[in-house]
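Comments concern the structure below.
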There are 2 protein chains.
Amino acid sequence: MKGKEIILGLLDTQGPLTGYEINEIIQNQLNHFYDGSYGMIYPTLRKLEEEGLVDKQQVNQTEKPNKNVFSILPEGKALFQKALHADLKGETFKSDFLLKLYFGDQLTKQQRRNLLQQELDFKQLKLDALHANQDEWQRNGITENQQFTVDYGIATYTAQIQVLKKELQRL
Amino acid sequence: MKGKEIILGLLDTQGPLTGYEINEIIQNQLNHFYDGSYGMIYPTLRKLEEEGLVDKQQVNQTEKPNKNVFSILPEGKALFQKALHADLKGETFKSDFLLKLYFGDQLTKQQRRNLLQQELDFKQLKLDALHANQDEWQRNGITENQQFTVDYGIATYTAQIQVLKKELQRL
DNA sequence: GACATCATGTAACACGTTACATGATTGC
DNA sequence: GCAATCATGTAACGTGTTACATGATGTC
């Protein structure tokens with residue numbers, strides 16, 4: 001699944017949304033298994049509209065800036081269903097941290113420690129955010145499957161934090 | 001770090017290599033934190049040569065097809081060092097599996113089970129490959145840091161396999 | 001004769017990133 | 001006056017993917 005299908009999926013399961021709201025969901029709920037930005041969201045929404053897969057409605061607001069609310073159309077729903085039932089694609093993971101360590105034979109002990117510590121802090125932040133967000137999310141309703149994606153993320157981060165801590169102690 | 005720097009890094013740390021050998025290393029040793037293919041390797045090698053960062057030498061072989069062996073040049077080494085000491089970039093992770101589950105409220109129980117089972121099989125394969133490869137790798141020499149990247153991968157996959165199994169049992 | 005391994009490459013395309021550019025409203 | 005939040009978008013670029021295209025040598 002790519003940006004296009006993910007936006008369709010969000011519109012299909014959460015109802016009409018603005019580009020801004022789509023970004024919020026991606027940053028908060030999909031953060032640990034997908035990564036998107038405005039630079040992808042707005043151009044994609046425009047394309048989806050051009051292709052007749054979504055519908056745009058302008059909403060004027062007085063206390064806030066005006067906004068464009070997008071709704072999914074039947075053609076969009078069909079395309080999303082197709083994507084949802086397509087063959088499972090492999091995941092991609094790229095880690096600058098592991099690459100640097102892999103090549104980092106020439107690094108000093110202090111530089112290695114720094115790398116490990118930075119990565120540890122980073123992962124810890126991610127884990128905290130996941131926990132914090134889960135509480136928020138549960139109040140607005142979360143499905144069993146979505147809860148599982150959170151559990152999966154927590155388990156992954158927790159295991160990684162453990163390995164990082166262990167290695168830091170060893171050094 | 002991107003393809004360009006990774007290839008430079010491999011040539012710097014492992015000595016002269018062919019495109020084919022670079023691919024082998026990426027598939028076997030970097031597999032769990034980087035993903036590259038011939039479609040990236042050969043065009044990148046050509047660019048590196050054009051930029052004067054690597055040197056190409058044709059080697060004729062009798063028992064095997066002829067090959068092009070690439071060596072890193074001082075300019076290439078400098079660029080690689082720069083990349084190695086640059087700020088740590090965040091990682092990217094994209095999981096088709098988690099995306100489908102996230103959106104998969106409408107999926108039947110059987111479809112969910114299939115997804116989980118497929119992902120479990122997939123992760124198990126990755127873990128087995130990592131273990132198998134480690135043995136091979138250790139014989140040819142592995143640095144402490146490289147050993148850590150393996151441990152990190154094993155810990156991650158193991159944790160994920162556990163969550164997947166638990167969820168499968170629950171269903 | 002078929003298959004695995006070694007070996008190299010291109011062309012067209014898709015996709016997303018980065019940087020830029022703007023601006024209203026609310027609350028401190 | 002300033003920061004935070006809400007809100008939208010484009011242009012240029014970089015990077016990698018997909019599909020295609022080829023072929024030698026060794027081994028079962």
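Small disclaimer: the values here were computed from a predicted structure and weren't measured. Numbered from 1 within each chain, the chains take letters A, B, ... in sequence-line order.
- B:Thr92 has its side chain out of reach of A:Thr92: every pair of non-hydrogen atoms, C-beta onward, lies at least 4.5 Å apart.
- If you chain together hydrophobic residues whose side chains sit under 4.5 Å apart, A:Ile41 and A:Val69 never meet in one group.
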Do any side-chain atoms of residues 159-171 of chain A form donor-acceptor pairs under 3.5 angstrom with protein atoms, and if so which ones, sequence neighbours left out?
| residue | atom | partner | partner atom | Å |
| --- | --- | --- | --- | --- |
| A:Gln160 | OE1 | A:Lys123 | NZ | 2.7 |
| A:Gln160 | NE2 | B:Thr156 | OG1 | 3.1 |
| A:Glu167 | OE1 | A:Arg170 | NE | 3.1 |
| A:Glu167 | OE2 | A:Arg170 | NH2 | 3.0 |
| A:Arg170 | NH2 | B:Glu144 | OE1 | 3.3 |

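- Under the 4.5 Å side-chain heavy-atom criterion for ILVMFWY residues, no single connected hydrophobic cluster contains both A:Phe33 and B:Phe122.
- Side-chain contact check for B:Asn114 and B:Gln118: no donor-acceptor pair (N or O, by modelled atom type) lies under 3.5 Å.
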Practice problem: Can you check each nucleotide of nucleotides 12-22 of chain D against protein heavy atoms at under 4.0 Å and return B for base, S for sugar-phosphate only, - for none, in 5' to 3' order? | Solution: ---SSBB----
Which pairs would a plain distance check flag for residues 44-57 of chain A, meaning a side-chain donor or acceptor within less than 3.5 Å of a matching protein atom at least two apart in sequence or in another chain?
| residue | atom | partner | partner atom | Å |
| --- | --- | --- | --- | --- |
| A:Thr44 | OG1 | A:Met40 | O | 2.6 |
| A:Glu51 | OE1 | A:Lys4 | NZ | 3.1 |

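- A salt bridge is absent between B:Arg139 and B:Asp135; no separation between the charged side-chain nitrogens and carboxylate oxygens falls under 4.0 Å.
- Contacts of residues 10-26 of chain A with DNA chain D (heavy atom under 4.0 Å): A:Thr18, A:Gly19, A:Tyr20.
- Here D:dA7 presents its P atom at 12 Å from CG of A:Asn60, a figure rounded to the nearest Å.
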Pairwise N/O distances under 3.5 Å, protein to nucleotides 23-26 of chain C:
| residue | atom | partner | partner atom | Å |
| --- | --- | --- | --- | --- |
| C:dT25 | O3' | A:Glu63 | O | 2.6 |

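- Within 6.0 Å of CD in A:Gln106 there are more than 12 heavy atoms belonging to other residues, nucleotides or ligands.
- Between the P atom of C:dT8 and the OH atom of B:Tyr42 lies a distance of 4 Å, rounded to the nearest Å.
- Here the P atom of nucleotide C:dC15 and the CG atom of A:Leu45 are 15 Å apart, to the nearest Å.
- Going from atom CG of A:Asn28 over to atom P of D:dT5 covers 12 Å, rounded to whole Å.
- With rounding to the nearest 0.5 angstrom, the CG atom of A:Leu127 is 10.5 Å from the NE2 atom of A:His32.
- Nucleotide D:dT8 holds its P atom 14 Å from the CD atom of A:Gln57, rounded to whole Å.
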Quiz prompt | Criterion ring pair (Phe, Tyr, Trp, His ring centres under 6.0 Å) on B:Phe103 and A:Phe80, from CA distance to verdict | solution = CA-CA 10 Å; B:Phe103 289 123; A:Phe80 171 63; 5.5 Å; yes
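- Residue A:Gln14 comes nearest to A:Ile25 through the heavy atom pair OE1-CD1, 3.5 Å, listed as atom of the first residue, atom of the second, then distance.
- A pairwise comparison of heavy atoms in B:Gln110 and B:Arg113 identifies OE1-NH1, 2.8 Å as the closest pair.
- A straight line from CD of B:Glu50 to P of C:dG9 spans 12 Å, rounded to a whole angstrom.
- In DNA chain C, runs of at least 3 stacked Watson-Crick or G-U pairs (N1-N3 plus N6-O4 or O6-N4, or N1-O2 plus O6-N3, all under 3.5 Å) give these stems: C:1-28 with D:1-28.
- For the pair B:Arg46 and C:dT10, the criterion of a side-chain N or O lying under 4.0 Å from OP1 or OP2 is met.
- Hydrophobic clustering, with ILVMFWY side chains joined whenever heavy atoms are under 4.5 angstrom apart, keeps B:Ile26 apart from B:Leu125.
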